[in-house]
Structures are given as C-alpha cells and as structure tokens.
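Since the structure is predicted, the reported quantities are computational estimates derived from the model, not experimental observations. Below, chain A is the first sequence line, B the second, and so on; all start at residue 1. Side chains included, hydrogens not; waters and symmetry mates left out as well; all remaining heavy atoms used.
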Amino acid sequence: MGVPREKIDWCPTIDYGKCDFCMECDNFCPHRVFERREGEEKKLVVAHPENCVVFCRACAKTCGPDALSFPDKKETTAAIKRMREEAGGDEG
Amino acid sequence: MKGKSRGKVILPCNGLDKEAGTLAREMALKLAEEGAELVCPVLFQRNPARYKKELGTGELLVIDGCKTGCASKLAKDKGLKIAGRLNVTEMLKEMGIRGGKKPVPDPEHLSRLLAALGGPGEEEAEGAEEVPSGLFTAHVEMNEFMEGKFFFKVPKAGYFFNENDCWARVEGTRARLGVSDYVQQSASDMVFFEPPEIGKELEQFDDAGSLESTKTALDIISPVSGKVVAVNGELVDAPELINQDPYISAWAVEVEMADFEGDRELLMDCEAYLAYLKEKVRKENQERFG
Ligand code: SF4
Ligand code: SF4
C-alpha cells in the first residue's frame with residue numbers, strides 16, 4: 001500500500017460480551033493475529049494486529065456469535081491515501 | 001404448489017442448538033413436503049453412501065442455521081457441490097429479527113422465512129443478468145515462477161491486484177474481477193461461488209461475492225469501486241474453473257468502474273504483484289519449512 005503496515009489501523013476487535021471462545025477465528029486465520037491465553041479470563045486476544053491482512057474480514061464469517069468487528073473501510077482507505085500523499089511530499 | 005421443490009436435495013443444519021437451527025430444520029421439512037429430498041446430516045455424516053442416489057441426481061440446497069455453518073461445512077468435507085445456500089440467521093437479520101437462544105422455532109419466524117423463500121429472493125437474479133461485455137478477449141501472457149515446490153503464474157500486463165490477492169482486469173472503464181493463482185493454490189478445490197447482486201455498488205475493497213473451497217471460505221475483495229454489471233454464470237455452475245484458469249475464464253464479476261484512477265493508487269500492477277507474491281511465498285515457505 002506504500003505505507004508501513006503498522007501505521008494502518010486494520011484488525012479485528014473481539015467483543016468480549018459476545019465471544020464464547022470457540023476459537024473458530026483463530027483456527028481459521030493463518031496469519032497469527034490472534035493468540036490464546038490459557039488460564040486467563042480473555043482466553044483469546046488480538047495479539048498481533050499488524051499481521052492482519054488489510055481489508056480482510058474473513059474470520060468474522062466463522063464467528064457464530066458475531067463478536068468480531070473491523071474499522072470503517074472507507075476511513076481506512078482515506079487514511080492510507082492521506083499518509084501516502086504526506087510521505088510523497090508535495091509534487092506541484 | 002406441490003412438487004415445486006422436486007429435483008432439489010436439502011441438507012439442513014441438525015437444528016438442536018438454538019432457534020435458528022430448529023427453523024432450518026422446519027424449513028427443510030416444508031420443502032420436503034413440496035417434493036425435495038432430505039438429507040439427514042447425522043445419518044449422512046455416518047453413512048454418506050446412503051444418499052448417493054439423491055445427491056447424484058438433484059441440486060443441493062444447504063440450509064445453515066447460524067454462522068457456524070455446520071451444514072455447509074459438512075457438505076464441503078464430503079466434497080459435495082453446493083447449488084444454493086440459505087442461512088437462517090442471516091435471513092432473520094435482514095428481516096430485523098434476532099433468533100432465540102432456545103431450540104424452539106417461533107411459528108411467526110418460520111412463516112416469514114418460508115414467505116421469503118417462495119417470494120422473489122431466490123431466482124430473481126436470472127432476469128436481471130446483464131450480458132457481460134465482449135471486451136475481454138485479448139490474449140493474456142503469463143509470467144511464471146517457482147518457489148520451493150510451488151509454481152505460480154501472474155499475468156504480464158493489464159491486471160491490477162490488491163494485497164488480498166484479488167485482481168481487476170481493466171479494459172477502458174470496465175473491469176473483471178477474480179482471485180489470483182496463489183488463492184487458488186492455497187485454498188485448494190473450489191466448491192462454491194456466491195456472486196453479488198447485479199447492480200450492486202461497490203466501494204473499493206468491498207466484497208464482490210464469496211468463494212468456498214474444500215479447505216476454507218473467502219470473499220473476493222474488490223480492487224476497484226464501481227457497479228456490478230454482470231456476474232459469471234459459468235463460475236456459479238463450475239467454481240472449479242478457478243482452479244483450472246484463475247485469471248481468464250474464472251472471472252467472477254464485471255464492474256463498470258467509478259474511479260479507477262483513484263483506486264489505482266492503492267493497487268499493484270502485474271510487476272509489483274509478482275514481486276509481492278514471490279516475497280510472500282518465500283516467507284511462507286520459510287515459516288513452514290524453517
Ligand atoms: S481479517 Fe483476515 S487476516 Fe485478519 S485476523 Fe481475520 S482472517 Fe486473519
Ligand atoms: S470465533 Fe468469535 S466467538 Fe469464537 S473465539 Fe473467535 S471471536 Fe470468539
């Protein structure tokens with residue numbers, strides 16, 4: 001995207017009011033975004049947001065209780081474009 | 001209308017977990033009254049051969065209760081070709097209804113679901129299907145590369161990619177969308193393509209239909225913004241085209257683009273995608289094989 005990944009705000013957010021820790025999302029995603037925490041109250045966390053593929057929303061489909069949400073896509077797109085412009089400097 | 005569901009084979013969710021499941025089951029029973037064949041998921045799990053005849057002759061309609069999609073998963077595990085699919089929770093959601101937690105079907109919910117089935121909904125796309133343009137006939141040359149034991153193709157020109165491994169093949173203000181060879185290889189055998197509605201307005205990076213393979217499910221994430229003007233009916237009938245020919249005949253959707261110049265800023269051209277993919281596959285191999 002021409003912008004360092006860590007500057008792009010894109011990853012799932014777990015709604016712990018809904019999540020039942022079925023781990024379907026973690027089983028599904030191959031990018032090691034989630035991490036399991038045995039013995040803790042939040043048995044699953046988004047430990048590596050920067051590994052999440054920007055604009056992917058695939059894990060949300062595996063979530064029965066609808067506990068995963070993502071940032072607003074349009075805002076993210078606009079933010080990326082803005083950062084690119086700033087990085088590119090003013091070209092006339 | 002007795003007999004209107006003849007020729008259909010229904011694989012419903014087992015339906016004992018929550019209300020949506022019991023509704024899936026009730027809907028299946030209703031369709032059976034109209035002539036459809038039922039596949040019991042539990043028996044089918046144990047003894048798939050029992051349904052060999054039905055599954056060999058009819059169109060398979062899968063009815064999932066909730067997002068867990070057990071019925072779809074079962075169909076995929078057994079390598080069945082899915083002709084159509086319903087998801088009760090999603091149907092209810094569209095009606096502004098939240099399914100109950102208890103496995104008891106609400107008769108009012110059931111009748112609304114059945115009404116939705118009988119109404120337009122299901123086959124309406126047929127009449128609306130616009131003819132795809134004849135623009136995309138040029139020969140496409142491919143670059144090829146090997147990485148470890150994997151062999152990948154990427155077109156040489158005319159395609160634009162996003163980091164979700166979806167492509168847009170651009171001709172004038174039209175684009176066809178699809179998924180790359182990488183997706184095809186990592187997802188393995190494609191069994192289902194659900195196209196978006198014709199006329200749907202897409203923003204850049206919106207879903208433009210979804211795919212399922214024997215291994216996974218994924219959305220086609222549109223590299224461009226615009227309006228869906230045609231969907232590839234051949235791909236609906238034969239999702240395996242993606243495995244055979246991901247870049248040309250397995251286009252999924254044709255779009256009249258709204259702002260290609262703007263969208264392009266966030267896309268990779270063929271050369272950039274080739275480099276991106278090489279690096280991605282190299283990293284994956286490294287992680288896998290050390
Ligand atoms: S959105 Fe995609 S990459 Fe990100 S966590 Fe979910 S499945 Fe993984
Ligand atoms: S799939 Fe949904 S409910 Fe299951 S662990 Fe992930 S977020 Fe929680």
Side-chain angles (χ1 to χ4, degrees), chain A residues 1-5 7-12 15 17-33 48 50-88 91, chain B residues 13 17-18 20-21 64-70 72-73 87 89-90 92-93 98-99 101 161-166 183 186-187 194 202-208 210-213 215-225 259 261-268 272 276 280 283-284 287-288:
Chain A
M1 301 267 175
V3 175
R5 175 62 185 88
K7 292 205 168 161
I8 304 174
D9 170 27
W10 187 270
C11 71
D15 179 342
K18 291 183 179 165
C19 175
D20 59 15
F21 304 108
C22 66
M23 305 299 169
E24 287 282 341
C25 54
D26 186 41
N27 291 335
F28 174 85
C29 177
H31 302 286
R32 293 201 223 125
V33 174
H48 301 288
E50 71 287 356
N51 286 351
C52 178
V53 180
V54 180
F55 301 124
C56 179
R57 296 171 288 268
C59 52
K61 285 212 168 168
T62 67
C63 177
D66 228 343
L68 293 172
S69 62
F70 288 88
D72 183 84
K73 177 166 41 62
K74 232 178 171 166
E75 275 171 28
T76 307
T77 312
I80 296 171
K81 287 191 177 172
R82 229 179 300 122
M83 283 187 270
R84 285 173 58 104
E85 261 165 44
E86 280 161 20
E91 298 153 60
Chain B
C13 137
D17 183 38
K18 40 188 152 255
D64 285 313
C66 65
K67 264 203 200 170
T68 310
C70 298
S72 288
K73 281 183 192 155
N87 183 302
T89 302
E90 277 169 24
L92 289 176
K93 215 174 178 179
R98 233 194 125 118
K101 282 219 157 50
F161 296 81
N162 57 22
E163 292 182 9
N164 311 91
D165 302 288
C166 299
V183 170
S186 37
E194 185 168 351
L202 300 175
E203 282 171 20
Q204 190 180 24
F205 306 118
D206 264 350
D207 301 346
S210 53
L211 295 169
E212 278 181 34
S213 71
K215 264 170 62 180
T216 187
L218 57 119
D219 290 324
I220 300 169
I221 298 188
S222 179
V224 296
S225 55
D259 177 23
E261 283 314 306
D263 296 341
R264 193 176 170 161
E265 271 186 56
L266 300 184
L267 301 177
M268 292 174 271
Y276 168 85
K280 173 154 147 168
K283 269 198 198 147
E284 276 177 16
E287 278 174 22
R288 207 168 329 162

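Contact check on A/Asp66 versus B/Lys93 returns a salt bridge, with a Lys/Arg side-chain nitrogen under 4.0 Å from an Asp/Glu carboxylate oxygen. Salt bridge A/Glu24/B/Lys73: present, at least one basic N to carboxylate O contact under 4.0 Å.
Between A/Thr77 and B/Phe205, some side-chain heavy-atom pair lies under the 4.5 Å cut-off. With contacts defined as side-chain heavy-atom distances shorter than 4.5 Å, the pair B/Ser210/A/Lys61 qualifies.
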Show, in sequence, the C-alpha distance, side-chain angles and deciding distance for B/Glu265 and A/Ile80, and conclude whether the side-chain contact (heavy atoms from CB on, under 4.5 Å) test is met. CA-CA 10 Å; B/Glu265 271 186 56; A/Ile80 296 171; over 6 Å; no
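The CD1 atom of B/Ile221 sits 5.0 Å away from atom CZ of A/Arg57, with the distance rounded to the nearest 0.5 Å. Within the model, atoms CG of B/Asp206 and NZ of A/Lys74 stand 9.0 Å from one another, a figure rounded to the nearest 0.5 Å.
Highest contact tally toward chain A, considering only B/Asn162, B/Leu266, B/Thr68, is held by B/Leu266 [criterion: heavy-atom pairs under 4.5 Å].
Heavy-atom minimum distance, A/Lys73 versus B/Gln204: CD-O, 3.8 Å.
Within 6.0 Å of the CZ atom in B/Arg98, the count of heavy atoms belonging to other residues, nucleotides or ligands does not exceed 12.
Neither the backbone nor the side chain of A/Cys22 comes within less than 4.5 Å of any heavy atom in chain B.
Side-chain N or O atoms of B/Asn164 include one that pairs as donor or acceptor with a backbone N or O of A/Val54 at under 3.5 Å.
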